[in-house]
Undergrad: 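Dropping a structure here in structure tokens format, bear with me for questions.
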Amino acid sequence: MFGIGPLELAVIAIVAILVFGPDRLPEFARTAGKLLRQVRQMVNNAQNDLREELGPEFADLDVRDLNPRSFVRKHLLDGIDDDFDDKPVSNSNDMMTPQRLPAGVRAPFDPEAT
């Protein structure tokens, strides 16, 4: 849940008991639950309004796709490693295929490259 493990939840619960006290904690939890429910309802309403305004072409719109980070990951970075793995080696002179040098042969050296 939200990237929080059981140990973190236990620490949060202990801090909440110390800060709010055991008498006011149930009331605070009830209020926080109501607030969370209202926020979820507002988000769902906003998503539904956006889908209605955009029309039937965007009925399958996922709002998370509008986040720039997920957009870049989805459209630019997905499958970038697959491009080289699936490609069959057709030519031994292919620049993308590493070539082993025979034993005793020194690697080429370019003095201007260093």
Undergrad: Give the cluster check for V19 versus L25: same hydrophobic cluster or not, with ILVMFWY residues linked at side-chain heavy-atom distances below 4.5 Å.
TA: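 Result: yes, single cluster for both.
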Undergrad: Under 3.5 Å, which donor-acceptor pairs do the side chains of residues 29-36 form with other protein atoms, sequence neighbours left out?
TA:
{"unit_1": "T31", "atom_1": "OG1", "unit_2": "E27", "atom_2": "O", "d": "2.9"}

Undergrad: Are L9 and I17 connected in the hydrophobic side-chain network, where two residues link if heavy atoms are under 4.5 Å apart?
TA: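 As far as the 4.5 Å side-chain criterion goes, I17 and L9 are not connected within one cluster.
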Undergrad: Could you list the donor-acceptor pairs under 3.5 angstrom formed by side chains in residues 42-50, with sequence neighbours left out?
TA:
{"unit_1": "N44", "atom_1": "ND2", "unit_2": "R40", "atom_2": "O", "d": "3.4"}
{"unit_1": "N45", "atom_1": "ND2", "unit_2": "Q41", "atom_2": "O", "d": "3.3"}
{"unit_1": "N48", "atom_1": "ND2", "unit_2": "N44", "atom_2": "O", "d": "3.2"}

Undergrad: Is I14 isolated, or which residues cluster with it under the ILVMFWY side-chain rule of less than 4.5 Å, directly or via members?
TA: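 Members other than I14 - counting any ILVMFWY side chain reachable under 4.5 Å - are L18.
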